[in-house]
Amino acid sequence: MNDFEQTVVRTLQAKADQVVVDDEAQFHADDGAQPLSLVPGPPAASTRPRRRGWLVAVAAALAVLVGGAAVVRGLGADHPDVTMPSADDVMWSPSDQGVAALVPSALPEGWNLAEVHAGVSLKEVPTTWQLFGVDGASPLPEGVVVGSHQKGAEVLSGEPTHRVQGHPAFMGPTTSPYVPAGALEIEWAADDVFHNVVAVGLTEAALLDFLDSLDPRTDPATGFDVPSGASLTELGATTTDDQVTISTVGYADPDGAGDLSVMVYSSNFGGGLLHRLVGEPHGDGFVIRGGDQDYRFVSLARGDGSVVDVSTRSGPQDPGWLDLAVDSLVPVTRAQLVDMGVAQPVTVTSTVGQWTVEVHGHNGGSVAMCLTPVSGATMCTLAQSQMGFTTGSALVGGEWIVVALTDDSSEPATIETSPSSLAEPESFDSETLRGEREESDGHVTELVSVPEAVDAVLVLVATDSGGSGYGYDRPTL
Amino acid sequence: MQPGVRSSFDALYRASNARMIRLAWLLVGSRAVAEELAHDAFLVVYQRWDTIDNPGGYLRRTLVNLSMRWLRRSIHERRLLATIGEPPPTGDPVVDTMWDAIQRLRPERRAVVVLRYWVDLPHDEIAELLDCPVATVRTRLHRALNDLRKEVER
């Protein structure tokens, strides 16, 4: 083992040693096992034998892996000026001219667009959200957000910790970054309906008493009625849709060290009521500020039900900076996003067959891709990039072109047929589409003209046990 | 599950939980996620206890698979969750620079690095864990070290 490898070993050991594990969690609540303290140190967050719920709920994780409708922008001699629509006129739309994302109009000097994912749609289970509490100004000292929906793929496993409404339930401290430490989370399933609860300011006993006092509605998926005389009253309710649209715009500082991410969800966990519970009034909505010195975020639930998460890892330390970014957000169309992407420098130029491919962006990420046929006009589209590869999809002169670029040290990308852009890889029989391939300047560029019979493709980077990538539906004119 | 078997499982849990959390953390870079993944791996082993011959090995393989699956999910999820409450820099610039570089590795390369240099597994056992040829492990390790050199020399 050489010196470099020894440094790797030392690094891994040093970082592993920083992870303090306090086994206060009881894997079996009934076996009387004693906590085992393996490494002395401050108590760490406890674990619970239950499903991982927050991860998907908070960030809609699969967005990057599967989304991405084609957005095509013709590039004429003159780029049209970017005209910002009114911030009060946000209408989510799949069209080229509908609002596709929110971008901050106030940024530190020199920061650049580094990432764009516009209008990624995911299927969701329609959920009724209710906020119970004692009416007053937010943040509420005591309150409960209850979500109810038809049971889907949720699996509640392990030993139940409590019973709610006569059903086995799982309670523990919430891991949501939105909610202050000490908040409780509890989940249970009643027949075909799943309930997820977040509570602040209540003891476990008080929370259980309140939940047991609720009257399930005739359709339990629509939530509960509060009996008269209950300690908390219903302060608000909303129902989130069967589809959530997510847009992400990311920025990087000139050194690539700082980042700013703006993620907009058409709806999110809690339907905005979680923000009303623990956030502060802000404009027509409620805002939650969180994180630490290394990572900070401001999450804004807007009056239209959408949620905006603005976060940074190493941006300016001024705590008001994220607030300024939030307050300066303006809606932009997909076409405007393409223009913003094309305004970034060209990072890769590749000639593939009869096509010239130009990628725009920075070292940290690609944001736009322009395709020029040997004869015909240049067409530009948004580019998606992650983990060493970049993809784009555009309708050029009636021909659907999909491009994948990888660096030459990566596994080659494949472009495969799919029933839809949202299909899970390996859940269907696919056909790998072959096109033109060019290797130059450390990049491998694959360009495919998708046959007319194919309605969707997945662009995948293959791994031994699966793949990751992006899905595209056939673009429309 | 018989009481004696449960006792054996508990012994495995107590003996391995901390190390499994650390392994998952080195793979995914998030304490909260590592704890969830370690728990999920234990749960899988618990449910299949009667049918597996090598619970420790099965546990590690399950954990690595779960970690790799998680890593293939969105960078956005990691961006929002992974850095909250994570250990701070060590203060050793060599270690911190190398750790930054390790975190930027592609998931499959990071996995090979962690399994080779922290778990101290030989190539053939890594290949078995990751369900890939031994030659692939060697290639990934070579490329990972190259990636790390490039990153730390930037």
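Just so it is clear: chains get the letters A, B, ... in the order the sequence lines come, proteins before strands, and each one is counted from 1.
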Determine, step by step, whether A:V8 and B:R116 satisfy the side chain to side chain contact (heavy atoms under 4.5 Å, CB included) criterion, reporting the C-alpha distance in whole Å, the side-chain angles of both residues, the deciding distance to 0.1 Å, and the verdict. CA-CA 10 Å; A:V8 173; B:R116 177 69 191 94; over 6 Å; no
Show the numbers, then the answer: is there a side chain to side chain contact (heavy atoms under 4.5 Å, CB included) between A:V9 and B:W118? CA-CA 6 Å; A:V9 172; B:W118 190 70; over 6 Å; no
Can you list the steps and then say if B:R22 with A:D17 is a salt bridge (charged side-chain N to carboxylate O under 4.0 Å, His left out)? CA-CA 8 Å; B:R22 291 191 179 98; A:D17 287 345; 5.4 Å; no
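Between A:Q13 atom CD and B:L26 atom CG the span is 8.5 Å, to the nearest 0.5 Å. Atoms CE and OH, on A:M1 and B:Y117 in that order, are 6.0 Å from each other to the nearest 0.5 Å. Interatomic distance, CG of B:L148 versus CD of A:E5, reported as 10.5 Å (0.5 Å rounding). In this structure, CH2 on B:W25 lies 9.5 Å from CG on A:L12, to the nearest 0.5 angstrom. Rounded to the nearest 0.5 angstrom, A:T11 OG1 and B:I102 CD1 are separated by 5.5 Å.
Heavy-atom distances place no part of B:N146 under 4.5 Å from chain A, backbone and side chain included.
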